[in-house]
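What you see below is based on every heavy atom in this structure, not just the backbone, and it leaves out hydrogens, waters and symmetry mates.
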Amino acid sequence: MDIWNWVEKLQEDLRQAGQAQNAHLLTRLADEVSELQVDRVDALLPEARALGKALDNPWVDVYVGHWALRNRVGNRVEGESALGESVALFERAHRADTLDCPQSICVTQDLAACYGNIDGPGWVPERIEVCDETLGRIDPSWACFQCLSCEKADALLDDGRGQDALDYLQVQAAAIQARGKEVFDSFPEMQIKILLASGRAAEALALIEQREAEVAAAGEYEPANCTVPRRLSKAWALAQLGRDEEALQQLVPWSELTPNHWRLWANTASTLCSRDGERNTWDLGTRFNTIIEHFATVGAHRLVIEIAALSLELALQRGARWVAQRQLGLARTHLGQLRQDRGAAALVAGLAARIEALPETAPLPVPADELLAWLQAQGEQNQSRDPEREAQWLLQAHAERPDDGALAEVAASALHACGARTEAQALLWDFVRGHAQEDGAAAYTLMRWLAEQGDDDGLRRLAATYRDSVPVFAHWCEVQRARRASDWPALEQAAQALLALSPGSNGARGTLARMYMETGRFSEAQACYAQLVELLEEPNAAHWDHMSAASAAQDWDAVRRSAAAIGMELSSQQGVVEEPWGWVIIRSEEGGEPMEYYARRSGPVTARIVENAPANRAQQVGDWVVFDAGLVHPAPEDEAEREHFIPTYAQVHVLERGGFARSWLVDGAHPGEDAWNAFVDAAEAQGWQVWSHSRADYTVTDPDAEDGTLPGLLFTVAQPQDHAPLALHRFLQQATADWAHPHCWLRLAEACDQDRQPHLDAIERYGL
């Protein structure tokens, strides 16, 4: 059964109703989950949920809820933290108005996975029961049949029945194939997981390599949720087989991992480090701490114990007793949250015995009051520091000198660097509560961490701690909280109060200026930046910011003053600054996603966009925009590369809209340069904007061509908002009539209610 048919029909209805962006939103949500873009999914969810309410369509609510949970229980491996939402969606999906929605089946997978995250072995009976109940309501032709079969196999694995899980998957695969359906990647991926967990690495590796060959032969794109686990599984298989160098080559960079792959990474890393102590560094320990803290936060209780056991072994090898003790404490905390013990208590007790057998912490290398200077000197000599080793000394020194603010801040920073963020923050809280009569490095570091974590309550408490003794710092806390929450009135009030007490606070003035820019109060932003220009010893950056604000306020005389101050010569002496300055790329945001367009720079910080937006995006061609002068991407270091470098700048304001409607896509074989140039001239004579999106090597297929391919041409045409699409359709028919090969503009033909068949024929023949 095609469970997405209703979604595709809804998308087509939305497009015909002029809501192409909403139609695309439903696809983007699923795509971003599959590409492991967890933060982008979060950014899309408010808009997606609002769409369900606007359409008054409960099926959309279930669809969006399912993908939200795929991100939470799948990508983020949330347990207790997602249980309420998982249960609520399961119940919502089984009401009369949503029971027939195909995604009401999918939510069973979400609930079973959530149970598995909390305590996989402890929830085995419930996981199997909920999968069996739902599998009984569908047949093997459903895509969901495969997802739920894998969930049940995973439960069997957690129950210690690896071979039963493999046998079960074989039976389910045979049932799928008997229905004439293809077995998806999820089956071999689950088989690989079972084999690796069962110590059958050679069989797992053979299956991985078979899948690699099949994917290479198919030549099709695979999303990250297929490629990343396969690479990590291969790394673990190779590590288990003692092929360490090959395993290292397969390890996915840490920055590309999401929590659902941390377990694979941790098993591989611990296996590799057990044979080579040089790989077992404090930085590795930091990553393990990050994993453990995340699983602890989201209530994935057994995973905390499992990963803590791996990490604790590595910490013992490094002699990091305090790290081992910390992780033992976390393991003990979550031990009591398990539904069934299944050997966890014995594991934790064995680890505790190992720690107790270690020698006590070594004494400080120098007296406590000399430790910071000594560590600084050691760092200068060795060019590297080991915060894990230093943290224990710093904690000892802090205990001896509890009133030393610098020592407290450095100790907390060392803990933070090692991933012990909870302890680091607790140390600073203890210090500031006892030393609220003055601010210092410890207070500012704590404020920064609270802002980064989005801890509004923490920032309020910190402000209250200093309100009477150091009101300037209290106002800074309020500024940070308001900025994080986009509470602009509160930010303005706090920043103004701070400046009243400390007129020389350029940081507050800059924060206020950025807020004014964000809220469109450009004249006020300009005034703030003008003050900074006068106050700063090095005002160059402030001049650029001042020009952005002045351009947005259309105060061209002010733009010229700052331009002159930094040695920039403008051609004109008065009026609007509008000059030909060459190519730039402008980055804007649409629905939380960055979009970049070619533009012609028209002044120090202004440009006109000349590239058409894709057909499913809001049109920006012709827009006259103000941008921030900071480069989005740094210029290449290589001089030859720098010659072809086009700078990218972030858009901050639209001075004037181009007035164009959506773009229409045209695809087909290239007609030749002369014919193409004549077409562009004719289209632009109508006031339309043409933009070629195809690269020089773009080709289309043609069975009549000598080598089966032809040079291709993919372009869009944008019309002014008051021009009828039918006029463009007729123009395209006439302008391309003499071209050797017909082109396709299917969506435009549909929008004009014209014959679709010529375009469908072109798609078929040329592989468009």
Side-chain angles (χ1 to χ4, degrees), residues 3 29-30 33 38 41-42 44-46 48-53 57-138 142-159 186 258-260 294-305 333-334 336-340 342:
I3 66 171
L29 186 63
V33 172
V38 293
V41 176
D42 289 343
L44 290 173
L45 281 173
R49 288 183 168 126
L51 176 62
K53 289 182 174 60
N57 187 333
W59 284 30
V60 173
D61 293 336
V62 172
Y63 175 91
V64 172
H66 164 62
W67 286 109
L69 283 174
R70 280 294 84 211
N71 201 44
R72 293 188 67 184
V73 304
N75 289 342
R76 284 202 173 98
V77 198
E78 291 192 43
E80 293 273 13
S81 60
L83 183 59
E85 184 175 330
S86 299
V87 172
L89 183 63
F90 184 82
E91 293 174 348
R92 177 68 187 90
H94 287 77
R95 295 179 192 170
D97 60 347
T98 53
L99 191 58
D100 292 333
C101 174
Q103 277 65 49
S104 70
I105 302 296
C106 301
V107 300
T108 299
Q109 178 191 14
D110 302 325
L111 183 60
C114 189
Y115 285 143
N117 292 346
I118 295 169
D119 177 8
W123 285 93
V124 165
E126 290 79 7
R127 293 163 66 192
I128 292 176
E129 180 183 359
V130 74
C131 288
D132 281 343
E133 186 276 331
T134 307
L135 284 166
R137 293 194 281 119
I138 61 176
W142 285 60
C144 307
F145 186 88
Q146 304 197 32
C147 299
L148 292 171
S149 296
C150 288
E151 283 297 332
K152 181 175 176 179
D154 200 27
L156 291 170
L157 175 62
D158 280 344
D159 202 34
S186 55
T258 45
N260 53 332
H294 172 79
F295 288 154
T297 300
V298 301
H301 305 304
R302 194 172 294 270
L303 285 173
V304 171
I305 296 169
T333 298
H334 289 269
Q337 304 297 316
L338 297 179
R339 199 158 186 261
Q340 295 181 30
R342 305 292 289 263

>> Run the side-chain contact (heavy atoms from CB on, under 4.5 Å) test on Val73 and Arg70 for me, step by step, so that the C-alpha distance in whole Å, both residues' side-chain angles and the decisive distance to 0.1 Å come before the verdict.
In response: CA-CA 6 Å; Val73 304; Arg70 280 294 84 211; 3.5 Å; yes

>> Test your reading of the model: is there a side-chain donor-acceptor pair from Asn71 to the backbone of Val38, 3.5 Å cut-off?
In response: yes

> Roughly how far, to the nearest 0.5 Å, is the CZ atom of Arg76 from the OG1 atom of Thr297?
Replying inline: 12.0 Å

>> Checking Val77 against Phe295 for the side-chain contact (heavy atoms from CB on, under 4.5 Å) test, could you report, in this order, the C-alpha distance in whole Å, the side-chain angles of both residues, the deciding distance, and whether it holds?
In response: CA-CA 8 Å; Val77 198; Phe295 288 154; 3.9 Å; yes

> Atom CG of Leu338 and atom CZ of Arg302: how far apart are they, to the nearest 0.5 Å?
Replying inline: 4.5 Å

> To the nearest 0.5 Å, what is the distance between CD1 (Ile105) and NE2 (His94)?
Replying inline: 6.0 Å

>> Less than 4.0 angstrom from a charged side-chain N to a carboxylate O is my criterion; do Asp97 and Arg92 meet it?
In response: yes

> Are any non-hydrogen side-chain atoms of Tyr115 and Ser86 less than 4.5 angstrom apart?
Replying inline: no

>> Can you tell me how far apart CG (Asn260) and CG (Asn117) are? Round to the nearest 0.5 Å.
In response: 9.5 Å

> Say you draw a straight line from CG of Leu148 to CG of Asp132; how long is it, rounded to the nearest 0.5 Å?
Replying inline: 10.0 Å

> Can you say whether the rings of His301 and His334 are parallel (under 30°), tilted (30 to 60°) or perpendicular (over 60°)?
Replying inline: tilted

>> So that I can tick it off, tell me whether Arg127 and Asp158 are bridged by a salt bridge, with the cut-off set at under 4.0 angstrom between side-chain N and carboxylate O.
In response: yes

>> Can you confirm whether Gln340 is buried at CD, in the sense that more than 12 heavy atoms of other residues, nucleotides or ligands lie under 6.0 Å from that atom?
In response: yes

> Which atom names give the shortest non-hydrogen contact between Arg137 and Leu99, and what distance separates them?
Replying inline: NH1-CD1, 4.3 Å

> If you measure from SG on Cys106 to OH on Tyr63, what distance do you get to the nearest 0.5 Å?
Replying inline: 10.0 Å

>> Checking Phe90 against Val130 for the side-chain contact (heavy atoms from CB on, under 4.5 Å) test, could you report, in this order, the C-alpha distance in whole Å, the side-chain angles of both residues, the deciding distance, and whether it holds?
In response: CA-CA 11 Å; Phe90 184 82; Val130 74; 4.0 Å; yes

> What are the two closest heavy atoms between Trp59 and Thr98, and how far apart are they?
Replying inline: NE1-CA, 3.8 Å

> Is there a side-chain contact (heavy atoms from CB on, under 4.5 Å) between Val107 and Leu69 once you walk through the steps?
Replying inline: CA-CA 8 Å; Val107 300; Leu69 283 174; 5.9 Å; no

>> Closer than 4.0 angstrom, basic N to acidic O: yes or no for Arg342 and Asp159?
In response: yes

> What are the two closest non-hydrogen atoms of Arg72 and Ala82, and how far apart are they?
Replying inline: NH2-CA, 3.6 Å

>> For a quick test of reading the model, state the closest non-hydrogen atom pair linking Thr258 to Asn75 and the distance between them.
In response: CB-O, 3.9 Å

>> Minimum heavy-atom separation for Lys152 and Cys131, please, with both atom names.
In response: N-SG, 3.9 Å

>> To check you understand the geometry: which heavy-atom pair defines the closest contact between Val62 and Ser104, and what is its length?
In response: CG1-N, 3.9 Å

